[in-house]
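First up is the structure itself, then whatever we jot down about it.
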Amino acid sequence: MKRERIKVNVTPYEVRGNVTEEDYQCLIRQFGIWPLNKELLDRIKRNVGELHFMLRRGVFFAHRDLNWLLDEYEKGNEFFLYTGRAPSGETHIGHLVPWVLCKWLQDKFDAELWFQFPDEEKFMFKPELTFEEVQKHTYENMLDVIALGFDPKKTHFLIDTRHANLMYKEACKVAKKITFSTVKAVFGFTNETNIGSIFYTAMQSVPCFLPSILKKKNIPCLIPLGVDQDPHFRITRDILPKLGYYKPAILHAKFLSGLKSYGSKMSTSDPDSTIWTTDSPEQVRNKIMKHAFSGGRGSIAEHRKLGGNPDIDVSFQWLYYFFEPDDKKLAEIREDYKSGKLLTSELKAYLIDRINAFLKEHQRKREAAREQTDKFIFKG
Ligand code: TRP
């Protein structure tokens, strides 16, 4: 029987199907985004002296207007960074991918970061979610952002309901230029979608130009994000020039694979598919050992003889995307796994150590962040 490739559907509100390497190439065409090619990477490197491993390895794989952004930067027109997190639950490792790159970009380009916590977004989209729960998640999610080491003097948290006085008027200017048929087409909304959801994309566009308003001059904006968020900014980019602002530039990340199968999306409703930033060492060990999909062989003898397949092995992918920044070490692991010298259990043990070392530090900084949220929340 001929197997049809599952067509992926990627929007901010649904990622359907496993996303493979080939699908990311399809998304580039489907979304009209640009591959992050060697020339651009070299240009980043020329400016800051090195490349983050997530850039080197194609974890960030596409962009919009990065050439323009670097033109401006090289002319002395500095940019700010913008990203965000809709608080709807705990933070998992996958959420951290764009934030880790933001931290690197902040350091390398000495850039401000505007971080949005749209605390109304998931309230609108998830029937069961209350504002009380969202408030708790907002605070907890902030701790994860702060724990990554952002500079409080250059980092500003915007919380939609709290900063409504600053944001709502600007959102209205954007909303006035978006039709219902546009959001239906872009997000797959229907006549049954609640009207709060329909408006939301206008709120997500505001941080793209709010700093320009506050500083009374146009400032270029760069948004590192998971590729599922691109549709929001496709709309924003059409509108901002009409309001007299720059279009934001964007850097698109692939998804960190869920544990259970290669290319699956981590699911908040299935705790076994992911690692939370608050997981204990035992929880990490159990989940990786039990659930991380393996590209190894059925028996040790067979594995030794034929070797494993790192390209579909979730443990290897997690090292590649996040937990093994050292290219040489990673190449070694890859070769040893392919040759059969390294067993799945050994690969998993290595990953578990790396995750637990990361989480130990992260959880320490996360606790220290409890007293610091006030320094990050924008006052103005
Ligand atoms: N909509 C995003 C989410 O669901 C949150 C978000 C707000 C965001 N502003 C952003 C994500 C800018 C990336 C870039 O989590």
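Numbering of ligands and ligand atoms starts at 1, following listing order. Everything numeric in this text was worked out from a predicted model, so none of it was measured.
- Looking only at protein heavy atoms, the nearest one to atom 11 (C) of ligand 1 is G84 O, 3.4 Å.
- Taking the ring centroids of H303 and Y337, they lie under the 6.0 Å cut-off.
- For atom 2 (C) of ligand 1, the closest non-hydrogen atom on the protein side is Q229 OE1, 3.4 Å.
- Heavy-atom contacts of I223 reach the following atoms of ligand 1: 14 (C) (cutoff under 4.0 Å).
- Residue contacts with ligand 1: P118 is included, with a non-hydrogen atom under 4.0 Å away.
- Within 6.0 Å of OH on Y168 lie no more than 12 heavy atoms contributed by other residues, nucleotides or ligands.
- Atoms of ligand 1 found under 4.0 Å from any heavy atom of E121, numbered from 1 in the order shown, are 1 (N), 2 (C), 3 (C), 4 (O), 5 (C).
- Counting non-hydrogen atoms of neighbouring residues, nucleotides and ligands closer than 6.0 angstrom, the CD atom of E72 exceeds 12 such neighbours.
- Within the cation-pi definition used here (under 6.0 Å to the ring centroid, within 45° of the axis), R234 qualifies as a partner of F31.
- Within the 4.0 Å heavy-atom criterion, the part of Q204 lying near ligand 1 is the side chain and not the backbone.
- Counting heavy atoms closer than 4.0 Å to ligand 1, residue Y200 contributes side-chain atoms (C-beta onward) but none from N, CA, C or O.
- Listed by number with element, the atoms of ligand 1 under 4.0 angstrom from any heavy atom of F233 are 12 (C), 14 (C).
- Between the K287 side chain and the P271 main chain, a donor and an acceptor come within less than 3.5 Å of each other.
- The ligand atoms of ligand 1 that sit less than 4.0 angstrom from a heavy atom of R85 are 5 (C), 6 (C), 15 (O).
- Regarding atom 7 (C) of ligand 1, its nearest protein heavy-atom neighbour is Q116 OE1, 3.2 Å.
- Remark: minimum distance from atom 13 (C) of ligand 1 to any protein heavy atom is reached at T83 OG1, 3.6 Å.
- Across K184 and T190, no two heavy atoms sit closer than the pair CE-C, 4.3 Å.
- A salt bridge is defined here as a Lys NZ or Arg NE, NH1 or NH2 lying under 4.0 Å from an Asp or Glu carboxylate O, and R57 with D327 meets this definition.
- In the vicinity of K122, heavy-atom distances shorter than 4.0 Å reach the ligand 1 atoms 4 (O).
- Annotation: W114 is not in aromatic contact with F157 [ring centroid separation under 6.0 Å not met].
- Geometrically, K254 engages Y24 in a cation-pi contact, judged by NZ or CZ lying under 6.0 Å from the ring centre and within 45° of the ring axis.
- Residue-level proximity to ligand 1 for A86 is carried by backbone and side chain together, each with a heavy atom below 4.0 angstrom.
- Here F125 has no heavy atoms under 4.0 Å from ligand 1, in either its backbone or its side chain.
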